[in-house]
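Below: the structure, in structure tokens.
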Amino acid sequence: MQTGWSNETLREIFPAIWDGFVVVLQVTLVAGIIAVVLGLLVAIGERNGPVWLRRPLGAVFQFIRNTPLLVQVLIVWTATSLYINPDWSAFAVGSAVLGVHYASYTSESYRAGIDAIPKGQWEAATALNLPTGRVWGAVVLPQMFRRSAAAVGNWVIAMFKEVPTLFIIGVMEMIAEARAFQGQHYTGAVEGYTLAGLLFLAASYPVAVAMRRLENRLASE
């Protein structure tokens, strides 16, 4: 069994790690859309929904925030396989769980953005008797997105880094591909994990820098 670095092993493992990287991007895209859209709906529901909706919605997403992602993935995957549809793919289930989990965080960022809107603007909209849709579409949401964009972007970056958690249910992302290669060839751990780490860094660091610049720009305006 080979120990230490091997360029030949790196060339052999690169296609599998690259395929895993593509899976990471796909999961992040699907889960990111869920987190961004569902988080907004939850924020609006908790902020302006009826009491019968606000309380259970807040309790459910508080529970999600306080429960480890790994536990949620395992419970949902087991329940889905046993009681709903065993043919659902690990990709679909994992992406949905990841998206809902991070929707619980993006909703808080959205809600903070909504609460930061000056009270006078709400009162002015009420005095002008603007329709609810007009108030949210023209007054609230544009300001909320401006205030919460950087925070939501940071949650998407954090979600991108959490994708390897899904290997536990068989999503073949980079870490899972490295483990599979090592299991088949009894080598490649150093090369596979190093390459996976570098790809994570190459993808996440520029976005993190962009988010930081966006946050600083919005704060200065």
Looking at [X] and [Y], what are the two nearest heavy atoms and their distance?
| X | Y | result |
| --- | --- | --- |
| S107 | A43 | O-CB, 3.5 Å |
| S148 | Y110 | OG-CD2, 3.5 Å |
| R147 | P118 | NH2-CD, 4.1 Å |

Could you walk me through whether L98 and E162 pass the side-chain contact (heavy atoms from CB on, under 4.5 Å) test, one step at a time?
CA-CA 8 Å; L98 190 62; E162 289 270 27; 4.1 Å; yes
F91: which residues meet the ring pair (Phe, Tyr, Trp, His ring centres under 6.0 Å) condition with it, sequence neighbours left out?
none
Suppose we screen for ring pair (Phe, Tyr, Trp, His ring centres under 6.0 Å). Which residues come up paired with Y105, at least two apart in sequence or across chains?
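Expected list: H101, Y102, W155.
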Min side-chain heavy-atom separation M174-P164 under 4.5 Å
no
Assigning hydrophobic clusters by single linkage (Ile, Leu, Val, Met, Phe, Trp, Tyr; side-chain heavy-atom cutoff under 4.5 Å), is [X] placed with [Y]?
| X | Y | value |
| --- | --- | --- |
| L70 | L166 | yes |
| I44 | V37 | no |
| I168 | F160 | yes |
| V76 | I84 | yes |
| F63 | V60 | no |

Contacts table for residues 11-34: side-chain donor-acceptor under 3.5 angstrom, sequence neighbours left out:
from: T28; atom 1: OG1; to: V24; atom 2: O; distance (Å): 2.7

Please say which of I75, V71, L69 ends up in a side chain to side chain contact (heavy atoms under 4.5 Å, CB included) with V73.
L69
Show your reasoning for whether ring pair (Phe, Tyr, Trp, His ring centres under 6.0 Å) applies to F200 and Y205.
CA-CA 8 Å; F200 268 116; Y205 183 73; over 10 Å; no
Residues pairing under salt bridge (Lys or Arg N to Asp or Glu O under 4.0 Å) where one sits in residues 31-49, two or more places apart or in two chains, turn out to be E46-R111, R47-D115
Mark yes or no for whether E173, through its side chain, and V163, through its backbone, hold a donor-acceptor pair below 3.5 Å.
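Flag not set: sc E173 to bb V163 has no pair under 3.5 Å.
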Flag, side chain of T106 to backbone of A35, donor-acceptor distance under 3.5 Å
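Here the side-chain-to-backbone pair exists.
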Partner residues of R55 under the salt bridge (Lys or Arg N to Asp or Glu O under 4.0 Å) criterion, sequence neighbours left out:
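Result, salt bridge (Lys or Arg N to Asp or Glu O under 4.0 Å) vs R55: none returned.
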Go through the steps for F61 and N66 under the test side-chain contact (heavy atoms from CB on, under 4.5 Å), then give the verdict.
CA-CA 9 Å; F61 278 86; N66 292 333; over 6 Å; no
Under the side-chain hydrogen bond (donor to acceptor under 3.5 Å, both in side chains) rule, what pairs show up with a residue in residues 75-89, not counting sequence neighbours?
none
Please walk me through it: do V152 and V36 pass side-chain contact (heavy atoms from CB on, under 4.5 Å)?
CA-CA 8 Å; V152 171; V36 169; 4.1 Å; yes
Evaluate side-chain contact (heavy atoms from CB on, under 4.5 Å) for R179 paired with Y193, printing each intermediate quantity in order.
CA-CA 9 Å; R179 290 168 60 91; Y193 295 138; 3.1 Å; yes
Distance-only polar pair, side chains of R65 and Q62, donor-acceptor under 3.5 Å
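Side chains of R65 and Q62: pair found under 3.5 Å.
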